Amino acid sequence: MKVKEKFNTPYNSKEVEEKIYQLWEKSGFFDPDKLPVSKNYKLKAKSYCIVIPPPNVTGSLHMGHALNAVIQDILIRQKRMQGYKTLWLPGTDHAGIATQNVVEKELKKQGLTRHDLGREKFIEKVWEWKEKYGNIILEQLKKLGSSCDWSRTRFTMDKDYAKAVETAFLYYYKKGWIYQGDRVVNWCKRCQTSLSDLELEYEDEKGKLWYIRYPIKTKNFPPKAGQPFTEKLKTKNYITVATTRPETILGDSAVAVNPKDKRYKNLVGKTVVLPIMNREIPVVSDSAVEIEFGTGAVKITPAHDILDFEISERHKLSIYKVINQFGKMSKEAGKDYEGLSTKDARVKVVEELEKENLIEKIEDYDHRISKCYRCNSIIEPQISKQWFLKMSELAKIAKQAVKKGDVKFHPKRWEKIYFDWLDNIRDWCISRQIWWGHQLPVYFCQNKQEAISNSQFLISKQIQNSKLKIKNSSDSHFIITTESPKHCPFCKQCHMKQAEDVLDTWFSSALWPFATLGWPDSAKATAGKLNKDDLKEFYPTQVLSTARDIINLWVTRMIFSSAELLGKKPFNDVIIHPTILTKDGKRMSKSLGTGIDPMVLIEKYGADATRFGLIYQMMGGQDIHFNEDGIMAGKKFANKIWNASRFVLLQIGNTKLQIQSPKSKTSADKKIISQLIKIKKSVDKDLGNYQFGQALHEIYDFFWHQFCDVYLEKSKEELNAEILIYVLSESLKLLHPFMPFITEEIYQHLAIKNKKMLIVEKW
RNA sequence: GGGCGCAUAGCUCAGUGGUAGAGCGUUUCGUUGACAUCGAAGAGGUCGGAGGUUCGAUCCCUCCUGCGCCCACCA
């Protein structure tokens with residue numbers, strides 16, 4: 001009768017889940033240092049650790065986060081039950097530009113910009129945001145049932161974490177791999193910062209290709225003032241270039257052709273007169289120029305195109321910065337153009353050229369433009385002074401780690417993405433001109449800083465006019481240190497000023513798996529908790545589970561950072577989980593209204609059902625066309641488990657049974673036991689291969705169709721209480737990693753000798 | 001321009017070198033005590049197209065088509 005009171009039907013997930021989570025937290029079993037040691041549960045000498053991919057504190061969790069959390073929780077719970085000293089370390093990421101942008105959007109609603117507040121006040125606001133949303137995220141992870149050790153929660157801007165970031169920066173600098181340089185970078189004119197190549201998104205654009213004639217300088221050309229170009233052009237004395245951006249003509253400093261291009265052989269070394277600007281610029285030869293494309297001659301705008309910049313370096317060309325950081329034409333573009341948008345400037349330039357009969361033809365041309373991955377503004381390549389991390393050595397190290405098999409991708413095919421990127425890598429631009437992030441540990445002398453006021457947009461006249469670019473700021477006076485300097489070593493009197501730039505958020509994320517475990521001072525207290533030596537105990541970690549879109553942005557960088565800074569791999573296995581799309585295969589997006597909030601599903605169906613639905617659909621494809629029916633099936637399954645358990649308990653009453661080695665009597669007993677053994681093996685194998693969906697399908701079929709439909713029905717005729725409760729309890733164990741709440745709740749009610757909580761029951 | 005993934009029942013997806021499977025949906029039947037969020041039975045597919053290997057192909061190979069994704073300094 002007691003049983004009946006506690007076991008109402010149908011199953012009520014809401015009540016149970018809240019209660020059970022509290023029970024777990026109270027038990028302390030999420031903390032590897034507090035795991036119980038007993039006869040049945042012996043801790044293995046080996047540890048098992050997953051460090052969570054830290055969600056950005058920009059908002060709340062989406063379906064992808066939910067799926068990933070469940071994947072990790074399944075592994076963690078299985079390993080914990082297997083007796084490993086198991087740690088799942090949680091945390092969040094400050095997510096530089098992304099978070100700064102959402103806070104700026106909030107301010108905009110009040111008609112404010114970050115500049116109205118000033119850096120310090122603005123940062124305060126972002127911290128407020130972080131407190132709010134960081135905590136929401138952690139609460140949502142709990143709702144899903146995540147068995148993280150919350151006492152070890154980390155944030156990428158914790159004090160100790162900052163120490164790790166500075167240490168890494170200093171290390172690379174000492175090695176000569178970090179340098180400052182004036183180079184063309186991807187510039188977002190809305191975010192007002194540089195971006196790395198990986199922080200771009202691309203969009204096809206229907207554009208035009210303008211073929212423009214550049215007159216060649218001769219004895220009689222250019223003509224004296226007042227005489228139009230056209231007179232002389234009849235002699236075919238020009239070279240035609242093709243461009244998609246005529247407005248950048250104003251910043252041209254050369255025309256380049258391929259050295260193998262016979263058509264232009266005689267022109268190399270000659271001088272042409274740049275239309276509109278009337279600037280005399282050279283014709284150079286460079287193998288980067290494609291013979292086949294356009295006319296085979298390309299105009300070179302070093303300040304606003306990455307390839308052009310590289311060519312200009314090889315030929316020591318002048319640099320004219322004609323577009324400013326806001327995407328408007330600069331002073332350098334000339335009086336007629338200064339202040340115009342690039343779009344207006346383009347119209348004007350084309351008009352001018354047409355007037356002079358310098359446009360040969362205009363073709364339709366589809367190409368792709370880059371956009372900021374955070375705000376979707378069009379990228380304006382710009383020359384600017386930035387900090388770079390040299391990649392050649394690090395790329396080699398990263399390739400080694402995967403080639404040797406130290407780190408394995410699942411599925412393996414994603415290794416190709418990894419290698420392809422590393423094979424074509426450029427140096428990493430690690431400085432950002434935003435406010436939210438780790439400021440560079442670079443301190444400048446205040447008295448000798450004219451050349452380095454701050455690292456953005458320092459193109460002095462000196463650079464434009466000279467044929468050399470400044471290398472590595474040899475004229476600036478700064479030091480790099482992990483401690484704030486007390487005295488200036490240069491002038492001995494100033495208070496040194498820290499660089500205003502912050503680091504690319506991925507520079508700090510790259511340190512995540514080891515910085516969270518205490519690196520560089522691993523034995524010291526971290527984040528308010530005194531850990532014995534987590535780095536020694538838990539590093540390298542076992543698994544990293546993440547989405548495919550950040551393989552290079554994040555995974556690769558963790559691998560080389562760890563290899564270089566610690567001489568170890570960060571994890572053994574990388575699980576690239578499927579991307580969750582809508583049922584129709586569309587991207588889930590809040591703004592399109594196609595997103596599904598996992599918290600709503602939990603509210604509606606329960607966390608176990610939500611977990612079930614996600615994993616049940618994870619069958620190895622690279623996408624999941626998410627179908628709510630799967631969650632529905634999960635809810636029904638939970639109810640089935642509930643009722644089957646109710647039945648078992650009604651059959652056997654409250655006598656505590658010993659279930660170590662139950663004796664089979666009938667053939668049905670034998671059959672169910674052998675099926676159970678088979679399923680256990682199979683689930684172990686699947687989970688070992690990270691085949692989560694397959695494992696769940698098998699348990700589902702076993703429990704429902706073999707245990708319930710057949711064995712339970714048989715036991716109505718002939719009861720073997722020991723077998724009955726044995727198979728049930730073993731099933732609950734197998735199910736627990738997938739559906740932890742309901743299994744733990746039922747387990748509480750089982751009359752079994754020497755019973756503990758299911759979370760630490762022997763797998 | 002290069003690469004990757006996918007194409008099986010109305011929908012979402014498993015699967016195997018030898019007459020095709022699940023869940024949901026659908027049809028019929030079954031309501032006395034674990035569960036109608038259930039049980040039993042059934043209908044439903046020339047496994048995208050064309051070649052090839054094979055005694056035999058949904059599965060292996062080639063090509064094609066369609067959908068999705070990623071990468072690239074042809075301006």
Side-chain angles (χ1 to χ4, degrees), chain A residues 3-4 7 9-11 184 197-198 200-202 207 209-212 241-246 248 252 255-256 258 286 288-301 304-311 365 367-368 370 381 411 413-421 423-424 426 548-549 551-552 578-579 581-587 605 609 612-613 616-651 691 693-694 697-698 700-701 704-705 708-710 712-713 715-716 724 728:
Chain A
V3 167
K4 252 194 170 170
F7 266 69
T9 186
Y11 171 63
V184 172
D197 295 340
L198 289 175
L200 307 180
E201 270 166 11
Y202 302 96
L209 197 55
W210 282 267
Y211 288 77
I212 302 169
V241 301
T243 182
T244 54
R245 299 193 64 190
T248 61
D252 280 2
V255 169
N258 192 294
D286 195 290
V289 179
E290 293 285 332
I291 296 175
E292 306 298 324
F293 187 83
T295 61
V298 59
K299 58 192 264 329
I300 302 299
T301 319
H304 302 289
D305 183 280
I306 292 174
L307 179 63
D308 288 7
F309 179 76
E310 285 172 6
I311 292 175
Y365 183 63
H367 62 137
R368 85 180 179 158
S370 0
R413 66 172 181 277
W414 296 111
E415 286 177 4
K416 194 166 160 34
I417 302 287
Y418 179 88
F419 288 125
D420 284 354
W421 186 63
D423 283 337
N424 302 300
R426 289 162 185 269
R548 63 171 174 268
D549 48 331
I551 289 175
N552 290 320
T579 302
L581 306 175
T582 66
K583 204 178 163 187
D584 312 319
K586 301 234 168 72
R587 192 165 276 284
Y605 303 104
F612 178 97
Y616 199 75
Q617 294 179 59
M618 182 184 172
M619 292 305 290
Q622 64 177 9
D623 298 316
I624 290 177
H625 290 201
F626 181 77
N627 192 336
E628 204 164 315
D629 291 351
I631 312 283
M632 200 51 181
K635 191 179 176 179
K636 283 163 86 168
F637 186 45
N639 193 53
K640 187 75 181 176
I641 299 168
W642 186 254
N643 283 306
S645 303
R646 238 159 48 97
F647 171 78
V648 173
L649 291 193
L650 285 170
Q651 295 301 308
Q691 309 274 67
Q694 283 83 349
H697 275 256
E698 280 173 304
Y700 175 89
D701 288 339
W704 199 308
H705 300 301
C708 293
D709 289 350
V710 179
L712 243 50
E713 292 304 322
S715 74
K716 285 175 183 171
L724 197 55
L728 175 63

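Remember, it's a predicted structure, so these values are computed and weren't measured experimentally. Below, read A as the first sequence line, B as the second, and so on, with proteins coming before strands; counting in each chain starts at 1.
- Across B:rG23 and B:rC38, the matching P atoms stand 11 Å from one another, rounded to whole Å.
- Within the 4.5 Å cutoff, side-chain heavy atoms of A:L209 are placed close to those of A:T244.
- Of the possible polar contacts, one joining the A:N424 side chain to the A:D420 backbone as a donor-acceptor pair under 3.5 Å is found.
- One C1' atom belongs to B:rC6, the other to B:rC13, and the distance between them is 12 Å to the nearest Å.
- B:rC29 and B:rA43 have their C1' atoms separated by 15 Å, given to the nearest Å.
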Given the rule that a pair is Watson-Crick or G-U wobble with both distances under 3.5 Å, how would you write RNA chain B in dot-bracket, using | for pairs to a different strand?
(((((((..((((....[..)))).(((((.......))))).....(((((..]....))))))))))))....

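- What you find for A:A242 and A:G294 is that their closest heavy atoms are CB-CA, 4.2 Å.
- Judged by distance alone, with hydrogens and angles left aside, the side-chain atoms of A:N258 form a donor-acceptor pair with the main-chain N or O of A:V289 at under 3.5 Å.
- Pairing each heavy atom of A:I417 with each of A:N552, the nearest pair is O-ND2, 3.3 Å.
- Among the heavy atoms of the strands, none lies under 4.0 Å from A:D420.
- Among the protein residues, A:Q651 comes within range of no part of the nucleic acid, since none of its heavy atoms lies under 4.0 Å from any strand.
- The backbone N or O of A:Y616 lies less than 3.5 Å from a partner atom in the side chain of A:H697, making a donor-acceptor pair.
- As judged by a 4.0 angstrom heavy-atom cut-off over every strand, A:W704 is placed among residues touching the sugar-phosphate backbone only.
- Counting only heavy atoms from C-beta outward, the side chains of A:R426 and A:I306 approach each other to under 4.5 Å.
- As judged by a 4.0 angstrom heavy-atom cut-off over every strand, A:D701 is placed among residues making no nucleic acid contact.
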List the steps and the verdict of side chain to side chain contact (heavy atoms under 4.5 Å, CB included) for A:L712 and A:V648.
CA-CA 8 Å; A:L712 243 50; A:V648 173; 4.3 Å; yes

Check nucleotides 14-17 of chain B against the protein and report each pair of N or O atoms closer than 3.5 Å, with its distance, or say if there are none.
unit_1, atom_1, unit_2, atom_2, d
B:rA14, OP1, A:M619, O, 3.3

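- Rounded to an integer number of Å, the gap from A:L650 CG to B:rC35 P is 9 Å.
- Under the 6.0 Å distance and 45° angle rule, A:K636 does not count as a cation-pi partner of A:F612.
- Set against B:rA75, B:rC11, B:rA34, the side chain of A:A644 has B:rA34 as its closest nucleotide.
- Note on A:K640: a side-chain N or O is less than 4.0 Å away from OP1 or OP2 of B:rG39.
- In this structure, of B:rC24, B:rG3, B:rA75, it is B:rA75 that holds the atom nearest to the side chain of A:T244.
- Nucleotides B:rU31 and B:rG39 have their C1' atoms positioned 11 Å apart, rounded to a whole Å.
- What separates CD1 of A:I631 from C1' of B:rC24 is a distance of 13 Å, to the nearest Å.
- Within 6.0 Å of CE on A:M632 lie no more than 12 heavy atoms contributed by other residues, nucleotides or ligands.
- Within the 4.5 Å cutoff, no side-chain heavy atoms of A:D286 are placed close to those of A:E310.
- When the C1' atom is compared between B:rG44 and B:rG52, the two are found 33 Å apart, to the nearest whole Å.
- Residue-level contact check: A:K299 touches neither bases nor backbone, having no heavy atom under 4.0 Å from any strand.
- Checking B:rG3, B:rA75, B:rC69 against every side-chain atom of A:K416, the shortest atom distance belongs to B:rG3.
- Base contact: A:Q622 has a heavy atom under 4.0 Å from a base atom.
- Checking the phosphate oxygens (OP1, OP2) of B:rG23, no side-chain nitrogen or oxygen of A:K636 falls inside 4.0 Å.
- Annotation: of the two residues near RNA chain B, A:E290 and A:R368, the 5′-most nearest-nucleotide partner is A:R368.
- Using C1' as the reference atom, B:rG66 and B:rU54 are 29 Å apart when rounded to the nearest Å.
- For B:rC24 and B:rC61, the P atoms lie 34 Å apart once the distance is rounded to whole Å.
- Atom NZ in A:K586 sits roughly 13 Å away from atom P in B:rC67 (whole-Å rounding).
- Phosphate contact (OP1/OP2 of B:rC73, side-chain N/O of A:R426, threshold under 4.0 Å): present.
- Rounded to a whole angstrom, the distance from the P atom of B:rU46 to that of B:rC35 is 42 Å.
- Side-chain proximity of A:R413 to B:rC4, B:rC13, B:rC69: nearest is B:rC4.
- Within the 4.0 angstrom heavy-atom criterion, base atoms lie near A:L712.
- Using a 4.0 Å cut-off, some side-chain N or O of A:K716 falls inside it from OP1 or OP2 of B:rA34.
- Residue A:V648 is classed as having no contact, given no heavy-atom separation below 4.0 Å to the nucleic acid.
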